[in-house]
Structures are given as C-alpha cells and as structure tokens.
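In what follows, a structure is listed as structure tokens, so that the remarks can point back to it.
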Amino acid sequence: MPYDPAHSEKRWQEAWESADTFRAVRDERPKYYVLEMFPYPSGRIHMGHVRNYTMGDVVARFKRAQGFSVLHPMGWDAFGMPAENAAMEQGGHPRDWTYGNIATMREQLKPLGLSIDWSREFATCDDTYVHQQQSMFLDMLEAGLIYRKSAMVNWDPVDMTVLANEQVEDGRGWRSGALVERRELTQWFFRISDYSDELLTALDGLNGWPEKVRLMQANWIGKSRGLQFSFATVDAPTGFDAIEVYTTRPDTLMGASFAALSPDHPLIKHLAETRPDIAAFCEECRRIGTTEEAIETAPKLGFDTGLTVRHPLDPAWELPIWIANFVLMDYGTGAIFGSPAHDERDHEFATKYGLPIRATFGPKGATLADADALIADAPYVPLKSEAVTYVRGFAGNADQTGEEAVAAAIAHAEAEGYGQGVTKFRLRDWGISRQRYWGCPIPVVHCDTCGTVPEKKENLPVILPQDVTFDVPGNPLDRHPTWRDVPCPVCGKAARRETDTMDTFVDSSWYYARFTAPHATTPTVAEDADYWMNVDQYIGGIEHAILHLLYSRFFARAMVKTGHLPEKSKEPFDALFTQGMVTHEIYKTTDERGRAVYHLPESVTDGKLADGTVVEIIPSAKMSKSKKNVVDPVNIVENFGADTARWFMLSDSPPERDVEWTAAGAEAANKFLNRVWRLADDVPKAGEDADLIRAAHRAIADVTKAIEGFAFNKAVAKLYELANAIGKSQAGGEQRREVLRILAQLLAPMVPHLAEEVWSNAGGQGMVVDAAWPKADPALLVSDSVILPIQINGKRRAEIEVPKDMPKEQIEAMVLADETVLRFMEGAPVKKLIVVPGRIVNVVV
RNA sequence: GCGGGCGUGGCGGAAUGGUAGACGCAUGGGACUUAAACUCCCUGGAGCGUAGCUCGUGCGGGUUCGAGUCCCGCCGCCCGCACCA
C-alpha cells in the first residue's frame, strides 16, 4: 500500500484533536513552556513560519514525550502599519484586513500538525488584550515608569504626517517624495534607562542565550566610564557661561582642537534665533533622518560659531566652538571636545575644516615628533588595553595603557576640581507614541484644567473607532471628533483623548505572559503565571536580538514592579534560540525596456520559462514577494504532505543558519519518508540481527543529544543512518518491529504523522504522541575495540585496531613495530611519541 | 559609519585542538523492466607518474607534535542601528 500523506495526516490530526492531546494543563508533572515568536498576520504563511514553528514543535513534542506538561501556544502580533497601508491602497478597514488574514493563516498553519494548544489563541488587536494592556499602562504610569518628553520624528512636509524610518527613502518621504525633516513632538516614554545597569548585569545570568545576542545587547546598552567637565565659554550669551562636555577619552584632553556641539544643543538653538546663518546650517543638519545609521554615514558637516571656550587645563588656551552634524543631543551632553589625533570622526572633521591635529600619545617608545608624524594622515586608535607612550600627557605615567590613562585623567580632574568621573549608558528611554490609527490607544486624556490625566480603569478598554477612512494621510483619530472629544475623567469638563497609539513592541513585550492565562479579566493570573513562567525555550529570528528582546526584558521587570508577574519572571526567557531564514534562488529576465522581471519558482523548469526563455539565476536570498523567490507552504503540503515540508526544514542546514529551499531537497525529503513507510509496511517474518538493536540504541543516544542541542540537521542524519541500517538488516519479526517502534519514536517530534503510522504498523500501543521517550541502554553503546589512526609528523599514515582500554605503553610498542610506520620513519629516530587514548597517535621523527 | 555573525567538495552540510568531507542532493556506472518511472547496488574534493603520492576548509601571517577549529591582519556576504515586524 503506498503512503498517502493527505489521508494519513488528516486522520492523525483528528485523532489528536479528539483526544485533546495538546491542551496545556497545570498538573503534577514538571512544566515546560516552549514559545516561538508569534507571527504578524501579513496574509499568508511562508516557509520561514514553517521552519520556525516546526523547530518549536520538535522541542514541544520531545519534551512532552519526556514527561513534561507542555505549554505551546499561538497568537498574532496584529497591530501595525501594513494594515493601514492595505486600507490606503485597497480600501477596506485595517480590522477586517487583519482578522481576515488571521483566519487564512490559521487555516494554513493547522495542516502542519503542530502540537499547539489552540484554545489559548489571541490577537494583540483583540479588545480584551487591548484592555489589559491599557490597564497595565495605567499601573505603570502610576508607578512612575512612564513619562512624557519631547523627541524627534520624521516629518513629511507635503503629506503633513509623521513617517516611520522605513518610510523614508534617501531622505525623502516614500509617497510624497518630499525632503523629510526632523521635527520635535511631545511623546510618551518608558523609563527603560532606569534599568540600564540591571539589564546589563543580568545578561550574565542568561546562560541559555546565545553569546552573540548577549554581546549585542551589552553593546546596545553601552555602559561607559568617562569624564564630565565644563568648558568656560568666552563672550557667550548670558546663561551659557559654561558648556557641559562628556568624554570617554579624557586622556586625550591635551590633544583637543575644538569643541563640537549638536545642532539641537540649547546654546546653538539660542544662537540660531539671532543668527540666520546658524539657523540655516541647523536646518540643513535636520534634513538628515532620525536614524543613527543616516546620521553616521552622512558626510561630516561643521559650522564655526566664532565663539570659543577655554581649555580646562590652560585658561589661556582657547578652542573654537563648532556645530557638528554627527554630535547627538541624545547621548552624553550633546557636546564633545574634538581630539582628532585619536578618533576617526574627529580626524575627518579636523582635516576637512583645517583644525589642528596634535597627538597625545604614540606607540610605545615614541617621541613627540614620532607621534605627531604618525597621525598626520590617519588617526592612531589602538585598543584601550594596549600600552602606549604619552607625549602630551598630564596624568599618570608616560607609558601606560589607555584604560590606565583614562582612570588617571579622571582622578586628576576630580583632585583638581574641574570635572568628575561619570558612568553613562548609550541606552535611551523607549518612545512608544505612534501617530497612527492601528495600534493600542494610549489611555490618557488631555484636559485644559487638569492637564494630562489617566483614563479611569472602569472606562477601559479605550477601543478604536470603527468609522474611519484612510483617504487622507495622517492619523484618522486626530480628525474624529466624537471619539476624540471626551469629558475629563477628573473634572468632567470637555477634554481631548490622546490620539497617539502605542508602539507595537509594547504588544509583543508581554504576550508570552498573557499566554499563561489568555482569557483572564486581569492581565495575568498569579497561579497560572507562577506555574507556567518562565518561557523555557524561546525561538525566533536573530533580527529581534536587540529591540524586541530588550523591551521584553524591561517590560517583565515593569510587570513585576506593578504586581503582574512573579519576581522570578524578571528574565522571562530562560533559553533563547535564534534560527536562520529560508532563502531561495531568484529567477530574473529583462523586459524590452531593460527592466528586471522576476518569476516564481513554479514557473521555471531547468532554468527556462514555459515558452523556453532562459532565466538568469541569482544566488539565494531571503524569500520576498518583490523578488518572487517564494515557495508557498500550502502548495508543498498539498503536493507532498506536511511531514515532507517539516522534514526538509529540519534537514540539511543547521537551524541557526539560513536554509535554501530547493525543489530537489523537498523531493529527497519526500523520498525518504516514503522509504520509511515501506520499511514499516513490509516486515520480514523471521530473522536475527543483534547489530541492529545496537544501531537503534546508538540512534536513541545520538538523536536525543542532537535534539537537546538544537542540532536538528544532525538528528536527521542519524535517522537516515538508522533507516539505512534497518533496510540492510536481516532482522525480522518482533525484533524488527521493536526497532521500527524506536524509529517511530525518534521520528515523532519531526514528522509526527508518519511516526504514528510506523508506530501502529509496528505494533505500538496507543499513539506514539503519548509514548515515553526511549532510553538508550548504555551496555549497547560501548564497543570493545577502537581504531587508532597513526600520524607520522602530523600526517595520517596508518591505523591500528586496539582494545578500548589498552595501556599507553603497549600502544606505543605496537605502533613502533608497525610495518607501515617503520616504512615512513625511514630509520629516523623517534623524537616524540604522542598517544591520545582512544583518539590518535602521532610519531614525531 | 558603528555593533554582531558567517565563509569547508558541483550543492546543503559533518568534524570535545586529534583520520577533513558523516548524512543528504546532484553526477557517472550497474540491477530490475518490452520500455520508462519507482526501487535497489556501486561510485562520488582536485591533481598526478594511480598497490600509492601530492594538494585542499575565503586570503596572508602566527602558535602547536598536530589547526576547519586558537591568535593577528585582510577580503566577501548577512543581520541590527531605537517609528518595519
């Protein structure tokens, strides 16, 4: 009987559903919470989803078999810009578009046979989720975790609307094409920077996280020790007698050649009021977008204000005050001193504007002349841990490391009283205001009498109005009087609702906690959070390594502070795994006007279109609609079955790396699953093979280890080996069925439907999904002898087979008596003989 | 620009500092078949004077008895950069 996945997969999915197999329940078993980052409901599922959720499913099913009570939920990150864009482009309402997409994607996900507790499903745009998020917002506001301040946004002067960074292309608005300006707006902020030090220190405890993610977060938080001091100004306007400066390199103070201020610095803003040339320069600077990338890659621009400051170590020494477009008002004090000899940006700036470049140190042993000569064309920036010679030092020894010199300079400044050591963080507070409709409304009201006041909890949820249109750019909430105009919750007079909505990162910062009690009338329920938290294994893309994960770590702390999570959940994700993308080749032709035309993989056969046109094959890249290099999982499931899609997503590439989807690979996966089916379908009546039992137990050990280590591709390889061994074996009858049952159990986390078929064919009791994970018998794993390769001078020349625990001396004797060894030694005396037991022998002659 | 990562046969990849290329795909050969498909068996880094030898893990150096693995310097590609999700 041939394998028929369409029939078989449906049958087992129904069996699991009617047994309610995957409902997560609190019971006496130890719990295991596995979570994959929830999807944005873009319209259809893609292969990236299949890969992500299959990996999570392997873990969930594996842990279930190991006796854990598993929570494996699914939901939707449902607010965000694409829904509004769809409304603008095709009409309709963001809500309808979103829920329609969710319905489609749920129906596409279900045939994959994931072990998900669907009873816990929710979307972040559900009124109940909005309600609980607003309720927590009010608690956090009251706890002092939220405040308002002014911050920059991208402003499109033609569309009169705020743009996301993504909507700015080469400094222009994506729809209007107008030059974008930076504009200040009062916005809501979470005080994440209050937690900078803690979020940094706590990274050390996250042993289940990839080292690279911890490093990225540590660098993002950016703790630095530096000197804060003030420059006395010369003839500056009143109120600006001094300018506060922060520097991480106070040891280079003697190399200072200018002071540089941000265009947004108060002094510059003050000057701009009376100086049109300064105002014009600042306006030019503000035409750079708000992203750090744009600011740092833009050409360095400077403007000499004509004012000067006095050098703190020599009041007679005056430095010019420049305005520089690369100085950020957000970081430090918005003012720096330029020390071009030892900083890339300062060097470029000084060279461009003809400012002096004077070395403060050079390589060890350098003279003043050496050091000055060295930095003429490029700055000298050694590691801070490297010892250098200070030629214009003022604190500490002449020879010291940068670190020592910085410490000495801070000590000097503190002793002399012109500055003090300060610890600063790069991490800024989290701005959550979005001037957009499709997001969680911020539950506050602006009253002329009472100011900005929280909405009353009994008035929650503040629900988005349904009667809005998107034919005009901007936020429809701003022009919706009946929704916007409300009585003040304090005095009852006419007031105005906040029309900004929350950043969607807020939604995704606590959904993991909500899954523990998804239908509760409070944000969380203590007993449920207590039992299910923390997430034991979190799985998602590396692109979320910083923002989403850092915000979630902060939000968990904020929830602990406001009583919505237990203390132990400060770090909500015990272990993290970051998986790679799914890529595909790109097929391109060129139309008569020379423009690129892309073609879907299914329309290309052997590098040709149906009409015979040869396509250009561009190497694999992330699947994207615009390049049409997408494979629809729905088609794969229909043609081959879910197990084939799952198996292929797990085989070949290591999970953390990108995997390339190829038709050949999918067919190979399908071929293997068919072979497994035949093995189970056709069992010889009799035959003995003790080696097969050993192979099966070897496979149990290897597959278990591979799954635990997230090496699914290696688990797949080991299962190929076991299947090959079964195919070649003489074993029959119950002995063969026993091995087939082991195969079924080992396959079950990855290809659960086929595993059920194999299990039941091989006489397994009940369903394999309920079977306990097999244990390898240690006695069957060891072998009595090992093969030792022998190297002569590091090159492999021979091998010997020896008993596993043969003493070194005997091995040495055997090696030196070996014919091949003697031939290669050519009579030379042995200089050294290295025996690594059970591993290798190296003869050095 | 800054931060992080990756780079191994024709392809995806494997390898606690210890036999480079497990496992899979492609290729070539064979069996089965009237034939094909399916399936099964063998082959499967490159070169050469082919019982074997030499070279080979992006490039250039270094440490080591021994380096894909560790260190230094490059090159290329990918991810993130705070309003994409």
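Here is how names work: the chains are called A, B, and so on, in the same order as the sequence lines, proteins then strands, and each is numbered from 1.
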Quick one: label [X] by what it contacts on the DNA or RNA (base, sugar-phosphate, nothing), any heavy atom closer than 4.0 Å.
X         : answer
Val844(A) : sugar-phosphate
Gly80(A)  : sugar-phosphate
Lys714(A) : sugar-phosphate
Leu427(A) : base
Ser508(A) : nothing

- Item | Distance in angstrom units between Met649(A) CE and G12(B) P, rounded | 15 Å
- Item | Atom-pair distance (NZ on Lys832(A); P on U64(B)), nearest Å |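 Distance check: Lys832(A) NZ to U64(B) P gives 10 Å.
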- Query: Ile707(A) and Ala715(A): which non-hydrogen atoms are nearest, and at how many Å?
  - Reply: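 Closest heavy-atom pair between Ile707(A) and Ala715(A): CG1-CB, 4.3 Å.
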Among the candidates [options], find the nucleotide nearest to the side-chain atoms of [X].
X         : options                : answer
Arg797(A) : G24(B), C84(B), U54(B) : U54(B)
Tyr551(A) : G1(B), U19(B), A82(B)  : A82(B)
Pro82(A)  : C83(B), C55(B), A85(B) : A85(B)
Met216(A) : G3(B), A82(B), G12(B)  : G3(B)
Trp220(A) : A82(B), C40(B), C83(B) : A82(B)
Glu721(A) : C2(B), C23(B), C41(B)  : C23(B)
Gln791(A) : C23(B), C25(B), A20(B) : A20(B)
Ile834(A) : C65(B), C23(B), C2(B)  : C65(B)
Gln435(A) : A85(B), C83(B), C25(B) : C83(B)
Asn842(A) : G18(B), A14(B), G1(B)  : G18(B)

- Message: Taking the basic N atoms (NZ, or NE/NH1/NH2) and the acidic carboxylate oxygens, is any pair closer than 4.0 Å for Arg172(A) and Asp156(A)?
- Response: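 No, Arg172(A) and Asp156(A) are not salt-bridged.
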- Charged N-O contact under 4.0 Å between Arg426(A) and Glu292(A): yes
Answer with yes or no whether [X] presents, from its side chain, a donor or acceptor under 3.5 Å of a partner atom in the base of [N].
X         : N      : answer
Glu293(A) : C81(B) : yes
Arg436(A) : C83(B) : yes
Gln187(A) : C83(B) : yes

Under 4.0 Å between a side-chain N/O of [X] and OP1 or OP2 of [N], yes or no?
X         : N      : answer
Asn165(A) : A82(B) : yes
Arg214(A) : G4(B)  : no
Arg657(A) : A14(B) : yes
Asn713(A) : A14(B) : yes
Lys795(A) : C55(B) : yes

What interatomic distance, in whole Å, is found between [atom1] of [M] and the corresponding atom of [N]?
N      : M      : atom1 : result
A14(B) : U8(B)  : P     : 11 Å
A15(B) : G3(B)  : P     : 30 Å
U57(B) : U39(B) : P     : 37 Å
C11(B) : C48(B) : C1'   : 26 Å

- Task: For Arg214(A) and Glu211(A), run salt bridge (Lys or Arg N to Asp or Glu O under 4.0 Å): C-alpha distance rounded to whole Å, both residues' side-chain angles, the deciding distance at 0.1 Å, then the answer.
- Result: CA-CA 5 Å; Arg214(A) 292 195 277 174; Glu211(A) 191 54 43; 2.9 Å; yes
- Query: Quick one: does NZ or CZ of Arg148(A) land under 6.0 Å from the six-membered ring centre of Phe189(A), within 45 degrees of the ring axis?
  - Reply: no
- Message: Please list all pairs meeting salt bridge (Lys or Arg N to Asp or Glu O under 4.0 Å) that have one or both residues in residues 429-440 of chain A, counting only residues at least two apart or in different chains.
- Response: Arg434(A)-Asp503(A)
- Task: Test Tyr195(A) against Phe425(A) for side chain to side chain contact (heavy atoms under 4.5 Å, CB included), laying out the working first.
- Result: CA-CA 10 Å; Tyr195(A) 291 79; Phe425(A) 294 90; over 6 Å; no
